[in-house]
Amino acid sequence: MNNNKMAEIIKIQGPELGSKLSDKLETNSSSTVQALAMLRIGVFVPIRRNPPKNKTGGLDRPVFRTDISDEFRKLEFARTEGFENVAIQGPALNFETDFKVWCGVIRAFNTYGYQNSVIKFSFAEFAKTCGFTSKQLDERLRTRIHDALVRIRGQVIEFTKPQVSKSYIGGLLSTGSFDAENDTIELVADPKLWELYSIDHHVLLKLNVLSKLNRNETAQCLYAYLSALPKDPFPISFKRLRERLCLTSSVKEQNRTIKKALDKLRDIGFMRGDIVKKDNESYLILDALSQRLSLNDKV
């Protein structure tokens, strides 16, 4: 750097223009591609439908800081830079709106590929990519999507070397904006974290499954989590499920909530398995999962 200058302008190196998130899985109106890491970590969690209000009258969302080093240090960007510690911090994201909007973001990036400029949509087009119907296109939905983009943009991902000798601070979304006057939405990806959306493998989540679990965010969360697990996983302890769900009630109540959600996943034909108890802890033993919901004759 020239010592006579206060700063140096460096061109950001991003993915190849037009590069897609996944060449192996195709997204459409009934499915979305999601990176496994995003489904395993506690970013999207069940949230009370009527959270307490803060002093200004707004609704309070819990804020989490989660160590995601095991999953995110696999990124080529993290390996190249030597980052060993990775954490994500931000407001809790729900499944009812935030996850749908995140699916819309992913599908937008998958459709248009990486761009070093803004991807601009009409509100109706973006809402459709999120899985909302034309009947839902009203002022309330515009507010919901705007607020969801704020929360998604508020997820801060911090990469650091030991003793914080070097760091990078990014996010799930570089920028997102909503223009009510022109009824448009604009999205910009974080170029260094483009690989985030294609870590190792992808899983194709069926939006119709999520719709069958409408208003049951615990079941939606477990659906996403179980979909991201490797085939024939070891018995899954309820402790592990409680940690993923980030529930705040007593352990007894959390276990009751988990069992009800698992029953729902069985009822719609997604899951077949048993719950066993050992040393005062419950374990889920999976026999099979079906994105086609074919494991129940009643569906």
Side-chain angles (χ1 to χ4, degrees), residues 34-48 61-74 84-90 92-96 98-99 102 155 157 196 199-206 209-210 212-213 215-291 293-296:
Q34 290 290 325
L36 297 186
M38 286 301 298
L39 302 179
R40 288 174 180 159
I41 63 177
V43 174
F44 296 97
V45 297
I47 293 180
R48 291 171 55 185
R61 285 281 186 101
V63 175
F64 294 109
R65 180 177 176 85
T66 307
D67 186 329
I68 55 175
S69 302
D70 289 344
E71 295 285 357
F72 279 59
R73 67 162 64 102
K74 299 173 186 175
E84 296 181 16
N85 304 313
V86 191
I88 187 168
Q89 178 174 312
L93 302 180
N94 68 13
F95 273 84
E96 183 179 8
D98 301 334
F99 186 74
W102 177 244
Q155 302 297 314
I157 306 176
L196 161 66
I199 296 176
D200 295 337
H201 300 87
H202 289 82
V203 63
L204 201 60
L205 289 183
K206 297 292 185 179
V209 178
L210 292 173
K212 286 180 178 291
L213 302 171
R215 296 182 178 272
N216 191 335
E217 291 205 351
T218 301
Q220 290 176 329
C221 185
L222 289 179
Y223 161 67
Y225 177 71
L226 295 177
S227 296
L229 293 178
K231 191 175 181 180
D232 300 323
F234 289 108
I236 307 163
S237 70
F238 271 39
K239 179 177 183 295
R240 186 173 168 189
L241 297 179
R242 291 193 299 269
E243 290 173 349
R244 172 59 186 86
L245 292 170
C246 301
L247 300 174
T248 57
S249 54
S250 68
V251 170
K252 184 177 180 180
E253 184 59 34
Q254 289 182 54
N255 287 347
R256 186 181 296 113
T257 300
I258 290 171
K259 287 177 181 177
K260 287 177 64 177
L262 293 175
D263 285 341
K264 182 64 177 178
L265 294 179
R266 285 195 196 94
D267 291 343
I268 67 171
F270 169 69
M271 184 196 83
R272 186 166 60 228
D274 296 305
I275 297 173
V276 299
K277 199 152 189 176
K278 181 180 178 182
D279 299 330
N280 294 320
E281 180 62 285
S282 295
Y283 292 82
L284 171 63
I285 300 178
L286 287 175
D287 293 330
L289 298 176
S290 171
Q291 296 289 348
L293 308 183
S294 61
L295 299 178
N296 192 323

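In this chain, residues are counted from 1 in sequence order. Small disclaimer: the values here were computed from a predicted structure and weren't measured. Side chains included, hydrogens not; waters and symmetry mates left out as well; all remaining heavy atoms used.
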Participant: What heavy-atom pair brings Ala228 and Leu39 nearest, and what distance separates the two atoms?
Facilitator: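 Looks like CB-CB, 3.7 Å.
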
Participant: Fit a plane to each ring of Trp102 and Phe44, take the angle between them on a 0 to 90° scale, and name the class: parallel (under 30°), tilted (30 to 60°) or perpendicular (over 60°).
Facilitator: tilted

Participant: Within the distance-only criterion (no hydrogens, no angle test), does the side chain of Ser69 pair as donor or acceptor with the backbone N or O of Val86 below 3.5 angstrom?
Facilitator: yes

Participant: Assess whether side-chain contact (heavy atoms from CB on, under 4.5 Å) is satisfied between Phe72 and Ile88, documenting all intermediate values.
Facilitator: CA-CA 10 Å; Phe72 279 59; Ile88 187 168; 5.9 Å; no

Participant: Who are the side-chain contact (heavy atoms from CB on, under 4.5 Å) partners of Ala87, not counting sequence neighbours?
Facilitator: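 Per chain and number, Ala87 pairs via side-chain contact (heavy atoms from CB on, under 4.5 Å) with Arg65.
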
Participant: Is the backbone of Glu96 close enough, under 3.5 Å, to the side chain of Glu217 for a donor and an acceptor to pair up by distance?
Facilitator: yes

Participant: Name the residue from Ile41, Val43, Val45 that meets the side-chain contact (heavy atoms from CB on, under 4.5 Å) definition with Phe64.
Facilitator: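 One option only clears the test, and that one is Val45.
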
Participant: My understanding is that only residues two or more places apart in sequence, or in another chain, count here; which of them pass side-chain hydrogen bond (donor to acceptor under 3.5 Å, both in side chains) with Ser290?
Facilitator: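 If we apply the side-chain hydrogen bond (donor to acceptor under 3.5 Å, both in side chains) test to Ser290, skipping adjacent residues, the hits are Ser294.
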
Participant: About how many Å separate OH of Tyr283 and CG of Asp274, when rounded to the nearest 0.5 Å?
Facilitator: 16.0 Å

Participant: Taking atom OG1 of Thr218 and atom CZ of Arg244, what is their separation to the nearest 0.5 Å?
Facilitator: 11.0 Å

Participant: How far apart are the C-alpha atoms of Lys206 and Leu293, what are their side-chain angles, what is the distance that settles it, and do they pass the side-chain contact (heavy atoms from CB on, under 4.5 Å) test?
Facilitator: CA-CA 10 Å; Lys206 297 292 185 179; Leu293 308 183; over 6 Å; no

Participant: Enter the distance from Asn216:CG to Leu265:CG here, rounded to the nearest 0.5 Å.
Facilitator: 8.0 Å

Participant: Looking at CZ of Arg272 and CG of Leu295, how far apart are the two atoms once the value is rounded to the nearest 0.5 Å?
Facilitator: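 Result: 5.0 Å between the selected atoms.
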
Participant: Which pairs of donor and acceptor atoms, one on a side chain in residues 256-264, lie under 3.5 Å apart (sequence neighbours left out)?
Facilitator:
unit_1: Arg256; atom_1: NH1; unit_2: Glu253; atom_2: OE1; d: 2.3
unit_1: Thr257; atom_1: OG1; unit_2: Glu253; atom_2: O; d: 3.0
unit_1: Asp263; atom_1: OD1; unit_2: Arg266; atom_2: NH1; d: 2.7

Participant: Would you mind listing every ring-ring contact (aromatic ring centres under 6.0 Å, His included) that reaches into residues 240-269, with sequence neighbours excluded?
Facilitator: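 Output for this query is empty, none listed.
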
Participant: Of all the heavy-atom pairs spanning Leu93 and Asp98, show the shortest one and how long it is.
Facilitator: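 Shortest heavy-atom contact: CA-OD2, 3.3 Å.
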
Participant: Atom OG in Ser227, atom CE in Met271: separation rounded to 0.5 Å?
Facilitator: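 With rounding to 0.5 Å, OG (Ser227) is 11.5 Å from CE (Met271).
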
Participant: Please report the interatomic distance OG1(Thr66) to CD(Glu71), rounded to the nearest 0.5 Å.
Facilitator: 12.5 Å

Participant: May I have the list of side-chain donor-acceptor pairs in residues 229-242 shorter than 3.5 Å, sequence neighbours left out?
Facilitator:
unit_1: Ser237; atom_1: OG; unit_2: Arg240; atom_2: N; d: 3.1
unit_1: Lys239; atom_1: NZ; unit_2: Glu243; atom_2: OE2; d: 2.6
unit_1: Arg240; atom_1: NE; unit_2: Tyr225; atom_2: OH; d: 2.6
unit_1: Arg240; atom_1: NH2; unit_2: Tyr225; atom_2: OH; d: 3.3
unit_1: Arg242; atom_1: NH1; unit_2: Asn255; atom_2: OD1; d: 2.9
unit_1: Arg242; atom_1: NH2; unit_2: Glu281; atom_2: OE2; d: 3.2

Participant: Before you tell me yes or no, could you show the steps for Leu289 and Phe270 under side-chain contact (heavy atoms from CB on, under 4.5 Å), namely the whole-Å CA-CA distance, both residues' side-chain angles and the distance that decides it to 0.1 Å?
Facilitator: CA-CA 5 Å; Leu289 298 176; Phe270 169 69; 3.7 Å; yes

Participant: Which heavy-atom pair separates Cys221 from Leu245 by the least distance, and what is that distance?
Facilitator: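 Shortest heavy-atom contact: SG-CD2, 3.5 Å.
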
Participant: Restricting to salt bridge (Lys or Arg N to Asp or Glu O under 4.0 Å), what partner residues turn up for Asp67, sequence neighbours left out?
Facilitator: none

Participant: Please find the pair of heavy atoms, one from Leu213 and one from Gln220, that lie closest to each other, and give the distance.
Facilitator: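 In this case the closest contact between Leu213 and Gln220 is O-NE2, 3.4 Å.
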
